[in-house]
Amino acid sequence: MRSKHSLDGSWIDEVLYPDVEPPLVLDTLNARVDYIARLCAAWDFGVLPNATVVAEVRKPDWRQAVDECRLLTSPAYHLLRKWHGLEELSYLGQELAYIRDDPNLAHV
């Protein structure tokens, strides 16, 4: 993923905004929740975030946005909740037997 850095150090991953012009900053709770939803959706489909993006959304000031997003069908969202020490919520996504029952998963 490509990140755009502004003069004040803000960053936005342009790939996450194919439908609208990317914002220059994510300074509201709504903008951050939207970013988390876009990030998790892309990540779940194999578009991996770069290290800068991961480092940013792991910062404590993203905790409220992660908690309020509630993208319960997203494995990436549940990982973000775990990173922020948030209460575990029910995963409502698809559970694939070929992954769930893979004996090698214990070694990953």
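Since this is a predicted model, take the numbers as computed values, not measurements. Heavy-atom basis, side chains included; hydrogens, waters and symmetry copies ignored. Position 1 is the first residue of the sequence, and the numbers go up from there.
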| task | Measure from the side-chain N and O atoms of D44 to the backbone N and O of A76, and report whether any donor-acceptor pair falls under 3.5 Å. | result | yes

Quick one: do F45 and L48 end up in the same hydrophobic cluster if we chain Ile, Leu, Val, Met, Phe, Trp and Tyr together by side-chain heavy atoms under 4.5 Å apart?
no

Here the pair of heavy atoms bringing A31 nearest to L26 is O-CD2, 3.9 Å

Rounded to the nearest 0.5 angstrom, the CG-CZ distance for L79 and R58 is 7.5 Å

Taking the basic N atoms (NZ, or NE/NH1/NH2) and the acidic carboxylate oxygens, is any pair closer than 4.0 Å for D34 and R38? yes

Taken in chain and number order and not counting sequence neighbours, the residues that satisfy ring pair (Phe, Tyr, Trp, His ring centres under 6.0 Å) with H84 are none

Quiz item: Would W62 and D67 count as a side chain to side chain contact (heavy atoms under 4.5 Å, CB included) if you check the C-alpha gap in whole Å, the side-chain angles of each, and the deciding distance to 0.1 Å?
Solution: CA-CA 9 Å; W62 281 83; D67 191 33; over 6 Å; no

Mind telling me whether H78 and Y91 have parallel, tilted or perpendicular rings, with 30° and 60° as the class edges?
perpendicular

Practice prompt. Starting from the C-alpha separation in whole Å, work towards a yes-or-no answer on side chain to side chain contact (heavy atoms under 4.5 Å, CB included) for W83 and V66.
Written response: CA-CA 10 Å; W83 283 346; V66 171; over 6 Å; no

Residues V33 and A65: closest non-hydrogen pair is CG2-O, 3.7 Å

L29 reachable from Y17 in the ILVMFWY side-chain graph, under 4.5 Å edges: no

> Mind checking whether L86 and Y35 sit in one hydrophobic cluster, side chains of I, L, V, M, F, W, Y counted as touching below 4.5 Å?
Replying inline: yes

message: Quick one, L39 with Y77, criterion side chain to side chain contact (heavy atoms under 4.5 Å, CB included). Give me CA distance, side-chain angles, the key distance, then yes/no.
response: CA-CA 9 Å; L39 173 67; Y77 173 70; over 6 Å; no

Taken in chain and number order and not counting sequence neighbours, the residues that satisfy side chain to side chain donor-acceptor pair (under 3.5 Å) with N30 are none

Rounded to the nearest 0.5 angstrom, the CD1-CG distance for I36 and L16 is 10.0 Å

* Under the side chain to side chain contact (heavy atoms under 4.5 Å, CB included) criterion, do R81 and R70 qualify, and how do the steps go? -> CA-CA 9 Å; R81 288 191 66 82; R70 302 293 168 131; 4.2 Å; yes

- Task: Indicate yes or no: at least one non-hydrogen side-chain atom of V57 is less than 4.5 angstrom from one of L80.
- Result: yes

Closer than 4.0 angstrom, basic N to acidic O: yes or no for D61 and R32? yes

When every non-hydrogen atom of L72 is compared with those of S90, the smallest separation belongs to CB-O, 3.9 Å

